[in-house]
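Input: a single structure, listed below in structure tokens.
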Amino acid sequence: MGEEKIAELTHIMDHLSPHPVFEIAGIPISSTVVTTWVMMAILFVVVFFCTRSLTLVPRRGRQHLIELFVLFIWSVLENAMGREGRRFLPLVGTLFIFILFLNLAWFIPGMKPPTMDLSTTAAFGVTTIITVQLLGITNRGVGQYLKHFVTPSPALAVLNVVEELVKPVSLSLRLYGNMFGEKMVVSILAILVPFIIPVPVQMLGVLMAFIQAFVFTLLTTTYIATMVQGH
């Protein structure tokens, strides 16, 4: 193995880690934030283009794709909560498509998926679980929400609280670990055997991006169903 490749492998963590890009009022803006902004802009353009000139009866291919996506999310929600779950489509659908776009950011040259940064996945985990708690209070009332923590026995109250506190940790670490590991494998293969192995691995990365977005969304749906409808 050449010295150049050894040097690249030695500094691979520096390549994968976020780094400051510029500052705003003395606050450093990292590459993770910049990439997130870029993907948000791309997502806005894609959504704007896909939702133009919608008709009651689909006449364009892009509307068929939108409806397939809606039906897919509906099926996930209905399997967990029945038809009542459809009202959570905006939340769950937005979560899925936003995480998916962030996962696919590595196909833009020079960018790394923000989901490789634990701060991003932790933000997703914390805000998701807070939203789930608020949905529980809104849909069941404060009394029934608190009763959830002493079900099936008051002796399990502490464990039920700990369970809710662990959920954002589980969500964030699962997404971060899988995305970081995938990118690290591709980066190492790109150094060792460029132009051969990384291509099929990158194609596998597309599948992984979908799977990780789906897993995060599915777990969120399960948490919502448990909080809104009970155990």
> Would one find more than 12 heavy atoms of other residues, nucleotides or ligands at under 6.0 Å from atom CZ of F210?
Replying inline: no

> Does L118 reach the side chain of F180, with side-chain heavy atoms less than 4.5 Å apart?
Replying inline: no

>> Tell me every residue that passes ring pair (Phe, Tyr, Trp, His ring centres under 6.0 Å) with F214, counting only those two or more places apart in sequence or in another chain.
In response: F72

> Is a donor on one side and an acceptor on the other found under 3.5 Å between the side chain of T121 and the backbone of S172?
Replying inline: yes

> Is there a side-chain contact between P114 and D117 (heavy atoms, below 4.5 Å)?
Replying inline: no

> So do the side chains of K112 and W106 get within less than 4.5 Å of each other, counting heavy atoms only?
Replying inline: no

> Donor-acceptor pair, T128 side chain versus G125 backbone, under 3.5 Å?
Replying inline: no

> Does any non-hydrogen side-chain atom of Y145 lie less than 4.5 Å from one of N139?
Replying inline: no

> Looking at side-chain heavy atoms only, is the closest gap between M227 and L135 below 4.5 Å?
Replying inline: no

> So, the side chain of T94 versus the backbone of L91: is there a donor-acceptor pair under 3.5 Å, distance only?
Replying inline: no

>> So, using ring pair (Phe, Tyr, Trp, His ring centres under 6.0 Å) as the criterion, who are the partners of Y223 when residues are at least two apart?
In response: none

> Is the F48 ring parallel, tilted or perpendicular to the F44 ring (thresholds 30°, 60°)?
Replying inline: parallel

> Under 3.5 Å, is there a donor-acceptor pair between the side chain of T217 and the main chain of A213?
Replying inline: yes

> Can the ring centres of F216 and F96 be said to be less than 6.0 Å apart?
Replying inline: no

